[in-house]
Amino acid sequence: MSRKDNFQSACRVIVVGAGASGMMAAGRAAEKGARVLLLEKTDGPGKKILISGKSRCNLTNARDLGDFIAMYGPNGRFLHSAFRRFFRDDLLAFLRRYGIETKVERGGRIFPVSDDSADVVGAFRRYVKERLVEFHKGANVTAITLRDGRIGGVMTAKGPIPACAVILATGGATWPATGSTGDGYRMAAAIGHTVTKLRPALVPLVVAEVDRAKSMQGVSLRNVRMTAFRGTAAAIDPAQAPAKDMGRGVDTKKRRSQVIESRMGEMLFTHFGIGGPITLLMSLAVVDALAEGPVSVSIDLKPALGVEALRARLQGDFDRSGKRGFRNLLADLLPRKMIDPFIEMTGIPPERPGHQITAGERERLLWQLKSLRFNIKGPLPLTSAIVTAGGVSLKEIDPRTMGSRLIPGLFFCGEVMDIDADTGGYNLQAAFSTGFVAGESAAAGVQGF
Ligand SMILES: Cc1cc2nc3c(=O)[nH]c(=O)nc-3n(C[C@H](O)[C@H](O)[C@H](O)COP(=O)(O)OP(=O)(O)OC[C@H]3O[C@@H](n4cnc5c(N)ncnc54)[C@H](O)[C@@H]3O)c2cc1C
């Protein structure tokens with residue numbers, strides 16, 4: 001059959017979107033014997049893979065299956081079946097076939113040894129080419145078309161294309177320059193699918209005290225504990241901050257306290273608020289809590305010291321170096337850029353010698369160090385988030401096939417579904433695994449035609 005005949009044949013699988021999930025789905029469907037057309041609206045495949053993991057591509061994670069699934073929150077259950085069919089070891093074996101060796105880093109994060117995400121895109125390019133997938137770039141799909149209640153094909157800017165099966169792999173709505181502009185949500189909703197509320201996940205947060213954050217812009221703090229609370233910063237009870245991490249994937253027990261999540265690690269001050277790894281990890285829970293009322297965060301800058309130990313240390317330091325001024329004493333406790341903001345927040349004159357600092361003033365400093373607070377105004381926009389939370393409702397997708405429960409012949413994979421996870425390689429693994437299953441199922445569906 002000529003390439004043209006193939007293109008005109010209705011009994012093909014169309015994959016919409018050549019990202020992580022779409023390329024896997026297209027290759028797998030073709031491997032299983034289907035004729036496959038892969039449509040990508042940008043000028044090339046895998047643009048989001050290219051920027052992922054700071055262009056090093058954190059492909060997956062070495063954690064055990066149970067811990068792995070916990071990283072997706074309650075919706076992780078949906079992935080059990082897909083992970084049984086195609087999980088981490090399968091992905092690594094697949095990549096090895098294309099010459100990509102991998103390495104495990106801190107937190108179980110798995111990267112290509114080359115530290116180059118272009119190699120991963122290269123592997124998928126070869127996979128789809130080898131399997132004779134017909135690939136059209138610059139092909140913008142505008143709608144999914146139906147015929148007699150089942151899939152009829154897709155509509156593109158250049159006209160309709162018939163198909164027996166369509167796999168929607170259009171990704172989320174973040175970083176639109178990569179092509180993921182949320183089209184899939186609109187197309188799925190237009191044919192009757194429910195799309196749950198879209199929210200930014202893994203996103204920096206804007207604070208109300210923006211001038212304070214700005215004055216510390218660029219300061220990156222390691223080994224601090226950040227706790228998010230329901231309510232305003234003034235109402236925070238720092239005694240409620242847990243000593244251990246609490247949140248998705250670590251400790252998910254629901255408690256009565258005002259605490260939303262708590263994480264220890266690295267954070268960053270920016271010109272609008274707070275960012276860095278622990279802020280991103282906590283951001284979705286904060287975004288969801290903001291829908292119900294005010295949210296604030298408390299940062300413990302000295303989590304290794306309890307209140308009593310820090311009190312004793314401050315007293316000892318200030319007594320021993322009694323002649324040094326407050327500004328100089330702060331230099332032993334904080335990064336340079338945080339000294340002026342701390343002078344302002346404590347109201348202690350910068351030149352006041354240590355031995356003249358009163359117990360009350362020391363207490364003010366102590367609590368600024370143990371509970372530096374900010375009121376959260378909101379997240380940066382969805383377009384700046386790493387992933388989109390929400391998407392096509394999982395209730396309407398069969399987890400064994402990734403098939404629509406509403407429209408025969410329609411399949412979903414990747415971020416367009418209501419699946420998102422923490423950083424660590426989980427989002428890409430979900431895209432690859434669900435792409436694999438969607439590809440296989442779509443191919444099985446068209447064999448009968
Ligand atoms: C900065 C950044 C870093 C990240 N780093 C990591 C990481 O290290 N590890 C990790 O696990 N996850 C990471 N992620 C998340 C991960 O990249 C995504 O979750 C994953 O790529 C989703 O795969 P997908 O196939 O669903 O969608 P995408 O990879 O976004 O692909 C969707 C494709 O569909 C195309 N498309 C959209 N609409 C249409 C249309 N109408 N017609 C035709 N084509 C269309 C798009 O152009 C795009 O090519 C990162 C995300 C970002 C933004």
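In listed order, ligands and their atoms are each counted from 1. A quick note: this is a predicted structure, and the numbers were derived from the prediction, not measured.
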Practice item. Could you check V206, V287, V207, T279 and say which one makes a side-chain contact (heavy atoms from CB on, under 4.5 Å) with I376? Key: V207
Revision key, fill the gap. With sequence neighbours left out, the residues meeting ring-ring contact (aromatic ring centres under 6.0 Å, His included) with F124 are F94, F432
Review point. Can a cation-pi geometry be assigned to R126 and Y98, taking NZ or CZ under 6.0 Å from the six-membered ring centre and within 45° of the ring axis?
Key: no
Point to revise | Residue contacts for ligand 1, heavy atom to ligand atom, distance under 4.0 Å | key: V16, G17, A18, G19, A20, S21, L39, E40, K41, T42, K48, I51, S52, G53, N58, A139, N140, V141, A169, T170, G171, W175, T178, G179, S180, D183, M187, I386, V387, G414, E415, G425, Y426, N427, L428, A431
**Study point:** For Q217, all residues meeting side chain to side chain contact (heavy atoms under 4.5 Å, CB included), sequence neighbours excluded
**Key:** K214, H271, K337
**Study point:** With sequence neighbours excluded, residues passing side chain to side chain contact (heavy atoms under 4.5 Å, CB included) with A389
**Key:** R199, A201, L284, D420
Practice item. Taking the side chain as every heavy atom from C-beta outward, state whether T227 and E261 have any atom pair closer than 4.5 Å. Key: no
